[in-house]
Structure formats: C-alpha cells, structure tokens
Amino acid sequence: MSLAFAAIALVVLVSILAGLLRVAFGDDPVDRMMAAQLLGTGGVGTLVALAAALGESVLVDVALVFAALAAVAVVAFVHRIGRGGEGPRDD
C-alpha cells in the first residue's frame, strides 16, 4: 500500500513540474496565480500521500501549513488586483 502512495506522490510531483512552466511562461498574472495555486495544491497532495506512505503524521501538519499559506496568498493577490495593481491585460 505504501508503494501505491509513493507512486501517487511521484505522479503529483510530475504534474507540479508541468505547472512550473505555466508559472514561468503564463500570459497574465491571473494565469500565473492559478498555476501557483495548482502547485500549492499539488504540494499538499504530495505531502499527504507521503505521510500515508511513510507513516509520518508530521507531514500532514506541514501540508496544513502549506494550505493555509496558499489561502493567504490568494487573499493577498485578490486584494492587490482590487486596488488597481497589475491585473489581466485586455489585448
């Protein structure tokens, strides 16, 4: 069973690498923020899968901290966009 969780974690890590390309080469800030949220979600998923595979409950705590930080990042991004910061381009 732990081998299955480790394989799931590897698949999620590969999807995180694909998301890094979108963060680096995204068209506008909203696309980049959504890709960054995908990275955060993938990181949380990877940590939870590794916690199950390795039997380390501390990894679940780290995943919860990452999830909370991701929520704060979204609030900060929306606050910045709402105040007239760099928003989506109208081409």
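- Note: the hydrophobic cluster containing Leu50 also contains Phe66 (ILVMFWY, side chain heavy atoms under 4.5 Å, direct or indirect links).
- Looking at heavy atoms from C-beta onward, Met34 lies out of side-chain contact with Val74 at the 4.5 angstrom threshold.
- Here Leu13 pairs with Ile16, Thr46 under the side-chain contact (heavy atoms from CB on, under 4.5 Å) rule; sequence neighbours left out.
- Contacts of Glu56 classified as side-chain contact (heavy atoms from CB on, under 4.5 Å), with partners at least two apart in sequence or in another chain: Leu54, Val58, Leu59.
- You'll find the side chain of Asp31 reaches within 4.5 Å of the side chain of Asp28, heavy atoms only.
- Closest approach of Ala6 to Ala53, counting heavy atoms only: N-CB, 4.0 Å.
- Taking both residues in full, the closest heavy atoms of Phe5 and Ala49 are given as CB-O, 3.5 Å, listed atom of the first, atom of the second, then distance.
- Cluster membership for Leu39 and Leu17, using ILVMFWY side-chain heavy atoms within less than 4.5 angstrom, is shared.
- Grouping the Ile, Leu, Val, Met, Phe, Trp and Tyr side chains by contacts below 4.5 angstrom, directly or via other members, places Met33 with Val78.
- The two residues Arg22 and Arg32 have their closest heavy-atom pair at O-CG, 4.1 Å.
- A chain of hydrophobic side-chain contacts below 4.5 Å, direct or via other Ile, Leu, Val, Met, Phe, Trp or Tyr residues, connects Val12 to Val23.
- Residue Leu20 holds its CG atom at 10.5 Å from CZ of Phe25, rounded to the nearest 0.5 Å.
- The two residues Val44 and Ala67 make their nearest non-hydrogen contact at CG2-N, 3.9 Å.
- Across all non-hydrogen atoms, the minimal contact from Gly19 to Leu38 is CA-CD2, 4.5 Å.
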